[in-house]
Amino acid sequence: MADVDANSPDEAILARDAALLKDTVREAGALAQSMFRTELKKWIKGASSPVSEADIAVNDLLEARLRAATPDYGWLSEESADDAARLSRRLVWVVDPIDGTRNYLNGHDDWCVSVALVENASPVLAAVFAPSSGEFFFAARGQGTTLNGATVRTAPGSELDFSRVAGPKPLVERLRPSPGEIKLHPRIGSLALRLCRVAHGALDAAFAGGNSHDWDLAAADLIVQEADGRMSDLSGEPILYNRREVAHGVLVAAGRDRHASIVAHFRNRPLP
């Protein structure tokens, strides 16, 4: 495949990259699934973050396929050493080889492969594949979101059914209109999947409780946006990617009207 000037992307290049992304993420998901519920070497990185040989194998596959095809693009992955050269690239792959590693290692199904192509701080292509549940989300800027090839949209309306809201309970409880117990949607261990399930209306809203990273968010962000939703911090400010600092604070994803209502609530009642 011929080299492409990463400073002048056009529709033909993005169509090429979309096909590359779909094929590569499917292949990566198949590899992860083949290693799922097998005996794996695993260890802890940082303070408490689990990682396994499956994470590394999937990362290596994604990097080999995507970087070979797009050598001028930058690279940011949870399982690769950060290379500051990405900051000078207009187009950057943002990758989480296995989002929800803890669930993956515990034999639970809510994990996925999550990859976005980011242009100038905003995602333009996104794929999230959950092999165990057979969910393949895909979005391209301006072209909508699909789940397994069918167009999907966020749930309409502005009210909240707390049984259709996922995220940290102490945070979500700040939305309740009156004191009392609320029952949230069962926990979804993969943050990318939690956010993506807003895109097809399975959830009214989803929250990220803080300390999430570009690789957890970028693909899901575009998938929600292209399904007529919004994802932002609690003040409504959009999330910027491929910055020097890749960690983020508390975030919310929801359909447009519901998102506006949630943001208005937190503007009037900000977190301490």
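Count residues from 1 along the sequence. If you're wondering where the values come from, they're calculated on a predicted model, not measured in any experiment.
- Contact of the Pro50 side chain with the Ile44 side chain is registered, since non-hydrogen atoms from C-beta on lie closer than 4.5 Å.
- The ring-ring contact (aromatic ring centres under 6.0 Å, His included) pairs that include a residue from residues 253-272 number zero, where partners must be two or more places apart or lie in different chains.
- Contacts of Thr154 classified as side chain to side chain contact (heavy atoms under 4.5 Å, CB included), with partners at least two apart in sequence or in another chain: Val198, Ala227, Asp228.
- Note that the SG atom of Cys112 and the CD1 atom of Ile98 stand 9.5 Å from one another [nearest 0.5 Å].
- Residue Asn103 holds its CG atom at 4.0 Å from CG of Asp110, rounded to the nearest 0.5 Å.
- Residue pairs meeting the ring-ring contact (aromatic ring centres under 6.0 Å, His included) criterion with at least one member in residues 193-221, sequence neighbours excluded: Phe137-His200, His213-Trp215.
- A continuous path of hydrophobic side-chain contacts links Leu193 to Ile223 [ILVMFWY only; heavy atoms under 4.5 Å].
- Two residues are said to be in side-chain contact when any heavy atoms from C-beta on lie closer than 4.5 Å; Ile182 and Val165 fail this criterion.
- Linking Ile, Leu, Val, Met, Phe, Trp and Tyr whenever their side-chain heavy atoms come within less than 4.5 Å puts Val113 and Leu117 in one cluster.
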### Query
Yes or no on side-chain contact (heavy atoms from CB on, under 4.5 Å) for Leu87 and Asn242, after CA distance, side-chain angles and deciding distance?
CA-CA 6 Å; Leu87 297 170; Asn242 192 38; 4.3 Å; yes
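- Taking the side-chain hydrogen bond (donor to acceptor under 3.5 Å, both in side chains) definition, one finds that Ser190 meets it with Asp99, sequence neighbours left out.
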### Query
Leu76 and Asp82: side-chain contact (heavy atoms from CB on, under 4.5 Å), yes or no, with the steps?
CA-CA 6 Å; Leu76 174 63; Asp82 194 8; 3.9 Å; yes
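- At distances below 3.5 Å, not a single donor-acceptor pair connects side-chain atoms of Arg194 with backbone N or O atoms of Gly189.
- Shortest non-hydrogen contact noted between Leu125 and Ala18 is CD1-N, 3.6 Å.
- Listed by chain and number, the residues in a side chain to side chain contact (heavy atoms under 4.5 Å, CB included) with Asp60 are Ile56 (sequence neighbours excluded).
- Residue Arg258 holds its CZ atom at 9.0 Å from CG of Asp161, rounded to the nearest 0.5 Å.
- Put simply, the side chain of Lys183 does not reach to within 4.5 Å of the side chain of Ser163, judged on heavy atoms.
- Here the closest non-hydrogen pair linking Arg164 and Ala202 is NH1-O, 3.4 Å.
- Proximity of Val172 to Phe162: side-chain heavy atoms (C-beta onward) are separated by under 4.5 Å at one or more points.
- Between Ala121 and Arg243, the shortest heavy-atom contact is CB-NH1, 3.7 Å.
- Between the OG atom in Ser132 and the NE2 atom in His108 there is a gap of 11.5 Å [rounded to 0.5 Å].
- Scanning for side-chain hydrogen bond (donor to acceptor under 3.5 Å, both in side chains) contacts around His185 gives an empty result, with sequence neighbours left out.
- Within 6.0 Å of atom CZ in Arg153, 12 or fewer heavy atoms from other residues, nucleotides or ligands are found, so the atom counts as exposed in its surroundings.
- Arg26 is linked by a salt bridge (Lys or Arg N to Asp or Glu O under 4.0 Å) to nothing, counting only residues two or more places apart in sequence or in another chain.
- By the side chain to side chain contact (heavy atoms under 4.5 Å, CB included) test, Thr38 is found to be paired with Met35, Leu40, residues two or more places apart in sequence or in another chain being considered.
- Note: Leu91 CG to Ile13 CD1 = 8.5 Å, rounded to the nearest 0.5 Å.
- Leu191 pairs in a side chain to side chain contact (heavy atoms under 4.5 Å, CB included) with only one of the listed residues (Leu251, Asp216, Asp96), which is Asp216.
- Between the side chain of Asp221 and the main chain of Leu217, no donor-acceptor pair closer than 3.5 Å is present.
- In this structure, CG in Leu160 is found 13.5 Å from CZ in Arg176, a value given to the nearest 0.5 Å.
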### Query
Can you list the steps and then say if Thr70 with Leu20 is a side-chain contact (heavy atoms from CB on, under 4.5 Å)?
CA-CA 10 Å; Thr70 57; Leu20 169 69; 4.1 Å; yes
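- No donor-acceptor pair under 3.5 Å is formed between the side chain of Asp83 and the backbone N or O of Trp75.
- For residues 13-47, the pairs satisfying ring-ring contact (aromatic ring centres under 6.0 Å, His included) are Phe36-Tyr104, Phe36-Trp111, with sequence neighbours left out.
- Both Leu21 and Val124 are members of a single hydrophobic cluster when ILVMFWY side chains are connected at heavy-atom separations under 4.5 Å.
- A salt bridge (Lys or Arg N to Asp or Glu O under 4.0 Å) check over residues 29-53, counting only residues at least two apart or in different chains, returns the pairs Arg37-Asp109, Lys45-Glu78, Lys45-Glu79.
- Under the 4.5 Å side-chain contact rule for hydrophobic residues, Met231 and Val263 do not share a cluster.
- You'll find the side chain of Glu63 reaches within 4.5 Å of the side chain of Ser80, heavy atoms only.
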### Message
What verdict does the side-chain contact (heavy atoms from CB on, under 4.5 Å) test give for Tyr241 and Val246, after you've listed the backbone C-alpha separation in whole Å, the side-chain angles of each residue and the deciding distance to 0.1 Å?
### Response
CA-CA 7 Å; Tyr241 300 98; Val246 298; over 6 Å; no
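- Between Leu62 and Ala28, the shortest heavy-atom distance links the atoms CD2-CB, 3.6 Å.
- Phe129 pairs by the ring-ring contact (aromatic ring centres under 6.0 Å, His included) definition with Phe136, not counting sequence neighbours.
- You'll find the side chain of Val252 stays beyond 4.5 Å of the side chain of Arg230, heavy atoms only.
- When all heavy atoms of Ala254 and Ile262 are compared, the pair lying nearest together is CB-CD1, 4.4 Å.
- Listed by chain and number, the residues in a side chain to side chain contact (heavy atoms under 4.5 Å, CB included) with Ser133 are Ala130, Glu135, Arg197 (sequence neighbours excluded).
- Val58 and Pro97 get closest at one heavy-atom pair: CG1-O, 3.5 Å.
- Contact check on Arg141 versus Glu226 returns no salt bridge, with no Lys/Arg side-chain nitrogen under 4.0 Å from an Asp/Glu carboxylate oxygen.
- Each of Leu234 and Leu195 belongs to its own hydrophobic cluster when Ile, Leu, Val, Met, Phe, Trp and Tyr are linked at side-chain heavy-atom distances under 4.5 angstrom.
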